[in-house]
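Numbers here simply count residues along the sequence, with the first being 1. Counting convention: from 1, in listed order, for ligands and their atoms alike.
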Amino acid sequence: MIGVFDSGSGGLTILEALHEAMPTQDFLYLGDHANAPYGHRSNQQIVTMTKAGVETLFEAGCDLVILACNTAAAIALRSLQQDWLPNAYPGKRILGVLVPMVEALTGVPWSQEHPNRQQRGDRSILLFATRKTVDSGSYLEEVEKRAPHVRLSQKACPGLVDAIEGGAGKAPISGLIGGFVGEVLKEAPTPDAAFLGCTHFPLVKDYFRAALPPTTELLSQPDIVAASLREYLDRHPSYRKEGTGRVRLLTTGRPEDVTMANAYLPEKLRHFEDHNTV
Ligand code: DGL
């Protein structure tokens, strides 16, 4: 089975797309609800918590773990891949959501760290994410290297993850989103596209859609990540574990609290088990 890790429930938006794209693959999801949100935490805490989550999924039998959380991918992925994985779990793999997103935004493969000179014409793209992801500058830096013609305007959305995890209602959520979109549009008034670089945000994507100009394309990170994983498994078939399409959800928090709090989730993705049951 393939592991999927997130700070909380947000990664379920990625899991849903993975499951849809690869219906015979088994998935094990771990939400670190006991420690969410990661957006307020120090880099060291994010690395430690992400490592613990990935280790739980490896020990449960996953050979490949997707860090669905943009914040964890931006802050922890490189150091876990370089400094921990080769010695601790040789042969196992961790992939993040940042790489497929940057490839999709730039049209340049990750391994190519210089611009494709054939690309012409400015493109303005908005990124909505946690403060931590925005401050890491990871998306900005990686896009700039490969596609200087893409102008990426970042907007941190403090409080939105807490509101979603807390099951806040329509009015406060759409109010928050309307404010964030309004502010970034002052800086980039005619964006060609926008994407939600926090896995929680697609749960409330309709409010983003409603607040953005109708001509702005809203890119789907879950679909982009799913397409990229499918290609990865074609290239690395040993990580493909055909099964029956079973999906299990684990949480470091209290399953009953998590389930109740996730009003924005589809019914089929609301049933968490305690992660000690692995
Ligand atoms: N869902 C996570 C992300 O994709 C962040 C949520 C959090 O702050 O824990 O960035």
task = Could you tell me whether the side chain of Arg131 and the main chain of His40 form a donor-acceptor pair under 3.5 Å?
result = no
query = For Arg41, does its backbone N or O pair with a side-chain atom of Lys132 as donor and acceptor, under 3.5 Å?
reply = yes
message = Here's a test for you: under side chain to side chain donor-acceptor pair (under 3.5 Å), which of Thr71, Asp6, Asp32 qualifies with Tyr38?
response = Asp32
Please tabulate, one pair per line, all N/O donor-acceptor pairs under 3.5 Å involving side-chain atoms of residues 87-105, not counting sequence neighbours.
{"residue": "Tyr89", "atom": "OH", "partner": "Glu55", "partner atom": "OE2", "Å": "3.1"}
{"residue": "Tyr89", "atom": "OH", "partner": "Glu59", "partner atom": "OE2", "Å": "2.4"}
{"residue": "Lys92", "atom": "NZ", "partner": "Cys62", "partner atom": "O", "Å": "3.1"}
{"residue": "Lys92", "atom": "NZ", "partner": "Asp63", "partner atom": "OD1", "Å": "3.1"}
{"residue": "Glu103", "atom": "OE2", "partner": "Trp110", "partner atom": "N", "Å": "2.7"}

message = Given a heavy-atom cut-off of 4.0 Å, could you list the residues near ligand 1 in chain and number order?
response = Asp6, Ser7, Pro37, Tyr38, Gly39, Cys69, Asn70, Thr71, Thr130, Val161, Cys198, Thr199, His200
request  = Could you tell me whether a side-chain N or O of Asp192 sits under 3.5 Å from a main-chain N or O of Ser124, the two making a donor and an acceptor?
outcome  = yes
query = Under 6.0 Å between the ring centres of Phe208 and Phe128?
reply = yes
